[in-house]
Amino acid sequence: MKINEIVDMTNEELDQKLADLKAELFNLRFQHATNQLDNPRVITDVKRTIARIKTVLRERELKQTV
């Protein structure tokens with residue numbers, strides 16, 4: 001997911017996407033532990049997307065307080 005797509009989303013959409021990605025990360029880690037995951041790079045991509053979403057949410061939070 002690109003940063004432009006994330007910035008265009010509302011806070012509610014970002015919260016929902018964040019929850020979905022955290023659940024997906026849990027499932028990917030479980031698959032990796034049981035050697036069922038074909039491409040471990042997916043875990044890194046999901047982590048980065050989670051970080052991007054959290055960054056945008058934090059930027060918006062700081063912008064509201066100022």
Side-chain angles (χ1 to χ4, degrees):
M1 180 173 257
K2 301 282 185 181
I3 190 70
N4 295 336
E5 298 170 0
I6 294 172
V7 171
D8 292 339
M9 296 174 128
T10 65
N11 284 351
E12 293 79 22
E13 290 173 332
L14 288 175
D15 288 336
Q16 180 61 41
K17 186 70 173 174
L18 186 61
D20 294 343
L21 287 171
K22 285 185 177 182
E24 181 180 350
L25 182 61
F26 174 80
N27 290 331
L28 289 171
R29 285 182 173 160
F30 185 75
Q31 288 177 1
H32 185 63
T34 59
N35 292 323
Q36 295 177 351
L37 187 62
D38 295 331
N39 185 6
R41 173 78 179 159
V42 177
I43 294 174
T44 305
D45 294 340
V46 171
K47 284 182 179 181
R48 286 183 180 171
T49 304
I50 289 172
R52 286 183 184 117
I53 290 174
K54 285 185 173 185
T55 300
V56 169
L57 287 172
R58 180 68 176 149
E59 286 173 348
R60 290 180 183 177
E61 180 183 322
L62 290 175
K63 190 182 289 186
Q64 288 178 352
T65 60
V66 173

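Bear in mind the structure is a predicted one, so any value in this text is a computation, not a measurement. What you see below is based on every heavy atom in this structure, not just the backbone, and it leaves out hydrogens, waters and symmetry mates.
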A.B. asks: Taking side-chain hydrogen bond (donor to acceptor under 3.5 Å, both in side chains) as the cut-off, I'd like each qualifying pair that reaches into residues 55-64, sequence neighbours left out, listed once.
C.D. replies: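 For residues 55-64, and leaving out neighbouring residues, the side-chain hydrogen bond (donor to acceptor under 3.5 Å, both in side chains) pairs sorted by first residue read Asn11-Arg60, Arg58-Glu61.
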
A.B. asks: Can you run down the side-chain hydrogen bond (donor to acceptor under 3.5 Å, both in side chains) pairs that involve residues 36-50, sequence neighbours left out, and say none if there aren't any?
C.D. replies: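 Every pair satisfying side-chain hydrogen bond (donor to acceptor under 3.5 Å, both in side chains) with a residue in residues 36-50: there are none.
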
A.B. asks: Can you list, by chain and residue number, the hydrophobic cluster partners of Leu57 when the side-chain cut-off is 4.5 Å?
C.D. replies: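 Same cluster as Leu57: Met1, Ile3, Ile6, Val7, Met9, Leu14, Leu18, Leu21, Leu25, Leu28, Leu37, Val42, Ile43, Val46, Ile50, Ile53, Val56.
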
A.B. asks: Strictly by side-chain hydrogen bond (donor to acceptor under 3.5 Å, both in side chains), give each pair with a member in residues 20-29 just once, sequence neighbours left out.
C.D. replies: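 Every pair satisfying side-chain hydrogen bond (donor to acceptor under 3.5 Å, both in side chains) with a residue in residues 20-29: Gln16-Asp20.
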
A.B. asks: Quick one: CZ on Arg52 to CD on Glu5, what's the gap to the nearest 0.5 Å?
C.D. replies: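 Taking CZ in Arg52 and CD in Glu5, the distance rounds to 10.0 Å.
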
